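Contents: one structure, followed by commentary.
Hydrogens, waters and symmetry mates play no part in the numbers below; they use all other heavy atoms, side chains included. We count residues from 1, following the sequence as given. These numbers were taken from a predicted model, which means no experiment stands behind them.
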Amino acid sequence: MNTSNPIQSVLLMTTSLKGGGGKSTLANAFVDYARRMQLPMAAYDADGAIGSLSHMHASRDARGNLVSPQDPLCGVVDYNIRDDTRSMLFNSVDKGHTLIMHDMAGGSLMDVQRVLDDHDGLTNFFRGMNATGTLPVFLHLVTPDASTVASVKRHLDLTEELGALAQEARHIAVLNRHGNRKDRDFPDWFGYVDGEGVTWGGKTRARLFDMGGAEMDLPSLNDRTMALVKDLRVPFSDAVDNKRLDANDRLRVRIFVQDFEKALTPQVRHLTGISQ
């Protein structure tokens, strides 16, 4: 890292300039995996108490009411990246946690820039990262929508233009396989050949790899099953044996948990700091 301070923590941030790409499902899966493996991951929901990460991982009392204050290592601290509580993004790295997950609201790049009074770039953001010995990891949700690929490109642009200041930034493209999407369903990400034999797309993916980034899948989970798990307000691993779900839904959750673990390749584990 471009700083005299040694790396103290890894800050994982789900991100996309477009909402609804599966960021919260990814954050829930990461936190669920880390805690199941007894990795000390602190969890923060930048979409407030209504966010899915809070909904599924926040600590509750015997009546099901949210506990206050929340311990980020066993519950979820909520804040709103859209208002002055956005300072929590940096305040969270001052707590001594080695692994931190922030589930960001869709299209919140401008709000991240406001945390330390950046304007069109992320100069002050990375100054803050370096000053606190924090390694930033951007988890980019990619869907067939071209805007999600444009989001990855925008973040790559912002980090690359800062040179040495942001040289340690890590980028992971997470392909949302909802509905069992295949590679061909992501034409702008993987590239494709049109009817006239001209190749389009694929450049952002190649660039991400050139910058040391990685790619992983977010496995598909049936919409009905996901809705039922959210209703239970429990992590995925707890839903696997929850008898309020029928056997079919429990098996779907089990398969999702297993497939997510398989998606955590050695490179992804290294980049996210969850290597054991």
Side-chain angles (χ1 to χ4, degrees), residues 10-16 18 20-41 43 52-53 56-57 99-104 135-145 148-149 151-152 155-156 169-191 202 204-209 211-223 225-226 229-230 234-240 249-276:
V10 177
L11 177 64
L12 305 174
M13 296 168 286
T14 62
T15 185
S16 177
K18 180 179 176 62
K23 293 185 301 301
S24 292
T25 301
L26 175 68
N28 273 298
F30 256 111
V31 172
D32 178 58
Y33 171 80
R35 292 179 177 176
R36 182 161 50 88
M37 295 293 108
Q38 298 185 324
L39 299 174
M41 179 174 282
S52 293
L53 187 59
M56 293 174 66
H57 282 272
L99 277 173
I100 308 169
M101 168 63 77
H102 280 257
D103 185 21
M104 309 300 290
L135 189 66
V137 182
F138 295 97
L139 301 170
H140 304 278
L141 269 295
V142 178
T143 74
D145 194 309
T148 62
V149 179
S151 176
V152 179
H155 284 78
L156 296 182
R170 298 176 175 181
H171 298 273
I172 300 175
V174 184
L175 304 184
N176 188 338
R177 298 289 185 172
H178 183 68
N180 295 310
R181 294 165 177 152
K182 308 301 182 185
D183 288 359
R184 64 176 179 273
D185 297 318
F186 299 82
D188 291 281
W189 182 248
F190 286 101
T204 298
R205 180 174 185 257
R207 185 179 170 198
L208 178 134
F209 289 147
M211 292 175 64
E215 184 180 87
M216 67 172 288
D217 290 337
L218 177 62
S220 178
L221 181 60
N222 176 271
D223 286 335
T225 303
M226 184 65 191
V229 173
K230 286 183 177 180
V234 299
F236 290 119
S237 292
D238 289 353
V240 167
D249 287 312
R250 294 199 304 273
L251 284 172
R252 282 174 171 164
V253 179
R254 184 182 297 276
I255 290 169
F256 173 84
V257 169
Q258 293 173 344
D259 287 350
F260 182 78
E261 186 168 344
K262 291 178 183 177
L264 298 173
T265 64
Q267 185 184 16
V268 169
R269 291 174 184 271
H270 170 70
L271 291 179
T272 57
I274 63 171
S275 297
Q276 289 185 302

Listing, residues 260-267 side-chain donor-acceptor contacts under 3.5 Å, not counting sequence neighbours, or none:
unit_1 : atom_1 : unit_2 : atom_2 : d
Thr265 : OG1    : Val268 : N      : 3.2
Gln267 : NE2    : Gly213 : O      : 3.3

Which pair of non-hydrogen atoms, one from Val174 and one from Asp217, has the smallest distance, and what is that distance?
CG1-C, 4.3 Å
Distance-only, no hydrogens or angles: does the Ser275 side chain make a donor-acceptor pair with backbone N or O of Arg269 under 3.5 Å?
yes
Do any side-chain atoms of residues 184-191 form donor-acceptor pairs under 3.5 angstrom with protein atoms, and if so which ones, sequence neighbours left out?
unit_1 : atom_1 : unit_2 : atom_2 : d
Asp185 : OD2    : Lys182 : N      : 2.7
Trp189 : NE1    : Glu215 : OE2    : 2.8

Can you name the residues that form a side chain to side chain contact (heavy atoms under 4.5 Å, CB included) with Arg250, not counting sequence neighbours?
Lys243, Leu245, Ala247
Less than 4.5 Å apart, side chain to side chain, heavy atoms only: is that true for Met56 and Val229?
yes
Just jot down the side chain to side chain contact (heavy atoms under 4.5 Å, CB included) partners of Val10, sequence neighbours excluded, or say none.
Leu12, Leu99, Leu135, Val137
Nearest heavy-atom neighbours spanning Leu221 and Thr225
CD1-CG2, 4.1 Å
Between the side chain of Arg170 and the main-chain N/O of Leu271, is any donor-acceptor distance below 3.5 Å?
yes
With side chains defined as the heavy atoms from C-beta onward, is the minimum distance between Met226 and Phe236 less than 4.5 Å?
yes
Quick one: closest heavy-atom pair of Asn176 and Gly22, and the distance?
ND2-CA, 3.8 Å
Close side-chain approach of Arg181 to Pro144, heavy-atom, < 4.5 Å
yes
Could you pull out the closest heavy-atom pair between Asp32 and Ser237, with the gap in Å?
OD2-OG, 2.8 Å
Does Arg205 form a side chain to side chain contact (heavy atoms under 4.5 Å, CB included) with Val142? I'd like the steps, not just the answer.
CA-CA 11 Å; Arg205 180 174 185 257; Val142 178; over 6 Å; no
Is Ser16 reaching over with its side chain to a backbone N or O of Thr148, donor-acceptor style, under 3.5 angstrom?
no
Heavy-atom distance under 4.5 Å between the side chains of Asp259 and Arg177, does that happen here?
no
To the nearest 0.5 Å, atom CE of Met104 lies from atom CG of Leu139 at 11.5 Å
Between His171 and Leu156, is a side chain to side chain contact (heavy atoms under 4.5 Å, CB included) present by the stated rule, with each step listed?
CA-CA 8 Å; His171 298 273; Leu156 296 182; 3.6 Å; yes
For a quick check under 3.5 Å, do Asp223 and His178 share a side-chain donor-acceptor pair by atom type?
yes
Donor-acceptor side-chain pairing of Asp103 and Thr14 below 3.5 angstrom:
yes
For His102, ring-ring contact (aromatic ring centres under 6.0 Å, His included) partners two or more places apart
Tyr44, Tyr79
If I take atom NZ from residue Lys230 and atom CG from residue Asn28, how far apart are they, to the nearest 0.5 angstrom?
8.0 Å
Met41 CE to Thr272 OG1 distance, which is reported to the nearest 0.5 Å
7.0 Å
For His155, which residues count as a ring-ring contact (aromatic ring centres under 6.0 Å, His included) partner, sequence neighbours excluded?
Phe138, His140
Measure the spacing between CG of Leu218 and CZ of Phe30 and express it to the nearest 0.5 Å.
9.5 Å
